[in-house]
Amino acid sequence: MNPLKHVAIIMDGNGRWGIKYKNSRNAGHKAGLNTVEKIIKETIRNKISYLTLFAFSTENWKRPKKEINYLFNLLENFLSNRISDLHKQNIKLKILGSKKFSPKLNKLLINSEKKTSKNTKLQINLALNYGSKSELIDAFKKIKKSKSIINEKNLSKNLQTKNIPDPDILIRTGNTKRLSNFLLWQLAYSEIFFERKLWPAFNENDYNKIIKDYKNIKRNFGKI
Ligand code: IPE
Ligand code: IPE
Ligand code: MG
């Protein structure tokens, strides 16, 4: 049985779900938040230490302003309402990606990270305005500036994911098989599950099935 420390998820398919059932992409984003709550609970129940959620990519700025504003409002409300409870549950929140949002949201994110920084039960890494290519470029720049040598160890510790073990599992919902600029370095040996269901329709059973399948995979890491 493979140990399981870290699950990363590309939460895709909100817009299509919203259009299909509510005739609105934004309704899909709202429904997607319920899935986030369910999956957090189930991650804790499975005693997994790290959950990384891709919520907004550096490329998602190309979307209509109305949708972007809706998404960030949703996040603002979620954090304002839920961070105390997450803190009580001993959950640590870390943001991956650069915090270039409204001053109000930036502050909320920083405060949420600070408030929960000592928590130990589950670390949730929320990828917001995150892009793996720019993360890698920044890491190379830092190494160059410090005049260190370029090797795997130095690169890993200059990424935003420093001190976080690489994901064991990557799940992408929404019936699309691509990485969309997510954790390109960190996913080098992750077990990848592409899930047909759209994110708002994804549930605990789907998640547990993936976890069960993962545990039985023979992970070789190059060996035989
Ligand atoms: C949610 O899914 C991911 C975000 C970028 C917020 P999408 O909004 O990409 O949904 P689809 O893929 O258009 O259905
Ligand atoms: C990937 O989904 C990013 C997030 C889930 C946040 P997208 O819907 O933006 O990906 P593409 O554009 O279809 O590749
Ligand atoms: Mg999408």
Side-chain angles (χ1 to χ4, degrees), residues 6-40 42-43 50-80 82 93-102 105-106 108-109 112 123-137 159-161 164 167 169-187 190-203 206-207 210:
H6 185 177
V7 175
I9 307 182
I10 301 176
M11 308 183 289
D12 195 24
N14 288 350
R16 279 165 286 161
W17 187 95
I19 293 291
K20 188 165 174 204
Y21 295 103
K22 312 257 174 189
N23 202 25
S24 132
R25 287 184 55 84
N26 286 346
H29 293 310
K30 194 163 175 217
L33 210 48
N34 296 330
T35 309
V36 171
E37 296 268 16
K38 283 186 211 163
I39 295 306
I40 291 173
E42 210 51 26
T43 304
Y50 298 88
L51 175 67
T52 300
L53 299 173
F54 199 10
F56 194 88
S57 73
T58 45
E59 290 74 28
N60 287 145
W61 294 109
K62 294 172 192 160
R63 295 187 179 203
K65 225 175 159 193
K66 226 178 113 204
E67 180 167 337
I68 296 175
N69 288 341
Y70 185 86
L71 271 169
F72 287 117
N73 264 323
L74 207 61
L75 175 68
E76 224 173 88
N77 288 333
F78 174 79
L79 279 183
S80 319
R82 301 283 291 111
L93 180 74
K94 181 178 167 60
I95 306 300
L96 302 178
S98 51
K99 295 186 194 72
K100 287 184 183 147
F101 312 107
S102 69
L105 181 56
N106 287 339
L108 184 59
L109 293 171
S112 302
Q123 175 167 337
I124 298 177
N125 306 305
L126 188 62
L128 281 179
N129 188 23
Y130 172 84
S132 184
K133 287 191 176 180
S134 70
E135 181 193 29
L136 284 163
I137 289 169
L159 293 171
Q160 293 174 34
T161 51
I164 301 173
I169 294 179
L170 170 74
I171 301 170
R172 181 178 186 138
T173 58
N175 201 21
T176 304
K177 298 184 179 74
R178 55 178 173 252
L179 295 181
S180 304
N181 199 14
F182 188 49
L183 301 176
L184 302 177
W185 172 271
Q186 297 88 336
L187 293 173
S190 308
E191 304 299 333
I192 301 184
F193 294 82
F194 291 111
E195 164 70 43
R196 291 171 72 128
K197 281 194 183 175
L198 305 170
W199 178 248
F202 188 71
N203 63 34
D206 304 318
Y207 190 40
I210 289 173

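Whatever order the structure lists ligands and atoms in, that order sets their numbers, starting from 1. Atom set for the values below is all heavy atoms of this structure, side chains included, hydrogens, waters and symmetry mates excluded. Quantities reported herein were computed from a predicted structural model and do not represent experimental measurements. Numbers for residues simply follow the sequence, beginning at 1.
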Q: Could you list which atoms of ligand 1 come closer than 4.0 Å to a heavy atom of Met11?
A: 1 (C), 2 (O), 3 (C)

Q: Would you indicate which of Gly174, Gly131, Ala55 comes nearest to atom 6 (C) of ligand 2 when only heavy atoms are counted?
A: Ala55

Q: Gly13 to ligand 1: N or O pair under 3.5 Å?
A: yes

Q: Contact between Arg172 and ligand 2, counting heavy atoms under 4.0 Å?
A: yes

Q: Using non-hydrogen atoms of the residue, decide whether Arg63 is closer than 4.0 angstrom to ligand 2.
A: yes

Q: Measure the shortest side-chain to side-chain distance between Pro200 and Asn34 over non-hydrogen atoms and say whether it is less than 4.5 angstrom.
A: no

Q: Based purely on interatomic distance, does Asp12 place a nitrogen or oxygen under 3.5 Å from a nitrogen or oxygen of ligand 1?
A: yes

Q: In Å and rounded to the nearest 0.5 Å, what is the CZ to CZ distance from Arg178 to Arg172?
A: 5.5 Å

Q: Please indicate, with yes or no, if any protein heavy atom is found under 4.0 Å from atom 8 (O) of ligand 2?
A: yes

Q: Provide the number and element of each atom of ligand 1 under 4.0 Å from a heavy atom of Asn60.
A: 5 (C)

Q: Are more than 12 heavy atoms from other residues, nucleotides or ligands located less than 6.0 Å from atom CZ of Phe78?
A: yes

Q: Does a side chain donor of either Ser57 or Asn60 reach within less than 3.5 Å of an acceptor in the other side chain?
A: yes

Q: Where's the contact between Lys62 and ligand 2, heavy-atom distance under 4.0 Å: side chain, backbone, both or neither?
A: neither

Q: Side chain of Asn181, backbone of Lys133: donor and acceptor closer than 3.5 Å?
A: yes

Q: Which heavy-atom pair separates Gly13 from Leu198 by the least distance, and what is that distance?
A: O-CB, 3.6 Å

Q: Taking the Mg ion (ligand 3) as the reference point, name the nearest N/O/S atom of Asp12.
A: OD1

Q: Counting non-hydrogen protein atoms only, what is the nearest one to atom 10 (O) of ligand 1? Give residue, atom name and distance.
A: Gly15 N, 2.9 Å

Q: Could you walk me through whether Leu75 and Phe101 pass the side-chain contact (heavy atoms from CB on, under 4.5 Å) check?
A: CA-CA 11 Å; Leu75 175 68; Phe101 312 107; over 6 Å; no

Q: Distance check, rounded to the nearest 0.5 Å: Ser112 atom OG versus Leu79 atom CG?
A: 4.5 Å

Q: Short list, please: which atoms of ligand 1 are under 4.0 Å from a heavy atom of Arg16?
A: 11 (P), 12 (O), 14 (O)

Q: Looking only at N/O atoms, are Phe56 and ligand 1 under 3.5 Å apart anywhere?
A: no

Q: By number and element, which atoms of ligand 2 are closer than 4.0 Å to a non-hydrogen atom of Ser180?
A: 1 (C), 10 (O), 11 (P), 14 (O)

Q: Are there over 12 heavy-atom neighbours, none belonging to Arg63, within less than 6.0 Å of that residue's CZ?
A: yes

Q: May I ask you to list the atoms of ligand 2 that are less than 4.0 angstrom from any heavy atom of Arg178?
A: 11 (P), 13 (O), 14 (O)

Q: How far does CG of Leu136 sit from CD of Gln186, to the nearest 0.5 angstrom?
A: 7.0 Å

